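Taking it in order: structure first as structure tokens, then the write-up.
Any value given below was found using the heavy atoms of this structure, including those in side chains, with hydrogens, waters and symmetry copies removed. Just so it is clear, the structure is predicted and the values come from calculations on it, not from any experiment.
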Amino acid sequence: FRYLDVELNAVDENTLNLWRSVNGSSGWASVGGVANAAQNSVTLNGLNDLSWFTPAPSNAALPIILASFTATCANNQVTLNWQTKQEQNTNRFEVQSSIGGSIWTTLASVNAKGNSSTPVDYSYTDISSGRKFYRLRIVDNDGSFSLSPVETVDCSDKKWTITARPNPVRD
């Protein structure tokens, strides 16, 4: 698994393992691997199925199950909705956005319920007139964090009217 230095978010490359999820949003589990900082890679042999994989430090897992995370646009307003299935010692959700997908800016911090074994719904609204990427930085009480999958939304007003004259048009 290869990664870019800009994706590390100040994480020590030498502590990276591979994490696996069957759906990409919940149930992440460390499956090991060997980090090679010089090659920006984590290698794991013996895989026998297809899943979602991501590199993260061995202590990166949070006691949270993110059930969903969506972004929709209407009238230049992006509504982010997410739901957790369970939370344990979760401190907050930092809503982050990016224009190009590599440099992220924190827009807001939404306090988490903290501890719950039942679903909890959250939302945040952003003003946007173009294409943006959104993600959640999920922070635990001890400061450890994980990142949600990235959602992309385009609020561009791309309605064009073309008039061709005379009618019928030639050449």
Side-chain angles (χ1 to χ4, degrees), residues 1-33 35 37 40 42 44 51-74 76-128 130-153 155:
F1 186 95
R2 296 198 183 274
Y3 56 87
L4 302 173
D5 286 330
V6 297
E7 297 173 301
L8 291 172
N9 293 321
V11 170
D12 179 4
E13 292 176 78
N14 297 305
T15 66
L16 293 177
N17 285 333
L18 280 181
W19 290 75
R20 176 185 174 268
S21 171
V22 294
N23 62 14
S25 64
S26 64
W28 289 96
S30 177
V31 292
N40 284 21
V42 180
L44 178 65
S51 299
W52 291 81
F53 289 93
T54 190
S58 59
N59 63 352
L62 295 179
I64 186 170
I65 298 176
L66 186 64
S68 64
F69 175 53
T70 60
T72 55
C73 181
N76 291 336
Q77 287 190 339
V78 176
T79 302
L80 303 172
N81 291 301
W82 65 98
Q83 183 186 69
T84 60
K85 286 185 182 178
Q86 122 185 355
E87 298 178 26
Q88 183 179 351
N89 298 320
T90 307
N91 185 280
R92 67 186 179 277
F93 300 91
E94 293 177 0
V95 178
Q96 297 183 331
S97 74
S98 174
I99 293 173
S102 60
I103 299 172
W104 294 88
T105 303
T106 299
L107 302 175
S109 181
V110 177
N111 290 332
K113 185 170 182 181
N115 292 301
S116 175
S117 58
T118 60
V120 180
D121 295 311
Y122 298 91
S123 77
Y124 176 79
T125 302
D126 184 31
I127 304 298
S128 178
R131 183 174 186 224
K132 276 189 177 178
F133 300 87
Y134 291 92
R135 72 180 183 190
L136 300 173
R137 184 174 184 262
I138 306 163
V139 183
D140 203 10
N141 286 334
D142 67 3
S144 59
F145 70 91
S146 66
L147 300 172
S148 73
V150 174
E151 286 291 314
T152 307
V153 68
C155 289

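A distance of 10.5 Å separates OG of Ser109 from OH of Tyr124, quoted to the nearest 0.5 Å. Between atom OG1 of residue Thr84 and atom NZ of residue Lys113 there is a gap of 8.5 Å, rounded to the nearest 0.5 Å. The structure places OG of Ser68 at 9.5 Å from NZ of Lys85, a figure rounded to the nearest 0.5 Å. Here the straight-line distance linking atom CG of Asn111 with atom OH of Tyr122 works out to 9.0 Å at 0.5 Å rounding. Remark: Cys155 SG to Asn76 CG distance equals 6.0 Å, nearest 0.5 Å. The structure places CG of Leu16 at 9.5 Å from CZ of Phe1, a figure rounded to the nearest 0.5 Å.
Smallest separation of non-hydrogen atoms from Ser148 and Leu66: CB-CD2, 3.7 Å. The two residues Trp19 and Ala56 have their closest heavy-atom pair at NE1-O, 3.2 Å. Gln88 and Asn115 get closest at one heavy-atom pair: CA-OD1, 3.2 Å. Between Arg20 and Ser51, the shortest heavy-atom distance links the atoms NE-OG, 2.9 Å. Across all non-hydrogen atoms, the minimal contact from Cys73 to Val153 is CB-CG2, 3.6 Å.
For Thr105, the side chain to side chain donor-acceptor pair (under 3.5 Å) test picks out no residue, with sequence neighbours left out.
Residues Asp121 and Asn81 are not in side-chain contact: their nearest non-hydrogen atoms beyond the backbone lie 4.5 Å or more apart. Contact annotation: the side chain of Ser116 never approaches that of Thr90 to less than 4.5 Å [non-hydrogen atoms, C-beta and beyond]. Using a 4.5 Å cut-off on side-chain heavy atoms (C-beta onward), Leu136 and Val95 make contact.
Side chain of Ser128 to main chain of Gly130: a donor-acceptor pair is present (N/O by atom type, distance under 3.5 Å, no hydrogens or angles). No side-chain donor-acceptor contact under 3.5 Å links Trp82 to the backbone of Val120. Looking only at distances, a side-chain donor or acceptor of Glu87 sits under 3.5 Å from a matching main-chain atom of Gly114. Checked by atom type and distance alone, the side chain of Thr152 never pairs as donor or acceptor with a backbone atom of Phe133 at under 3.5 Å. Within the 3.5 Å criterion, the main-chain N or O of Gln96 finds no donor-acceptor partner in the side chain of Trp104.
Applying the salt bridge (charged side-chain N to carboxylate O under 4.0 Å, His left out) test to pairs two or more places apart or on separate chains, those with a residue in residues 92-110 are Arg92-Glu94, Glu94-Arg137.
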Open item on the list: As a quick check of understanding, evaluate side-chain contact (heavy atoms from CB on, under 4.5 Å) for Phe93 and Ile138, giving each step before the final call.
Closed with: CA-CA 5 Å; Phe93 300 91; Ile138 306 163; 3.8 Å; yes
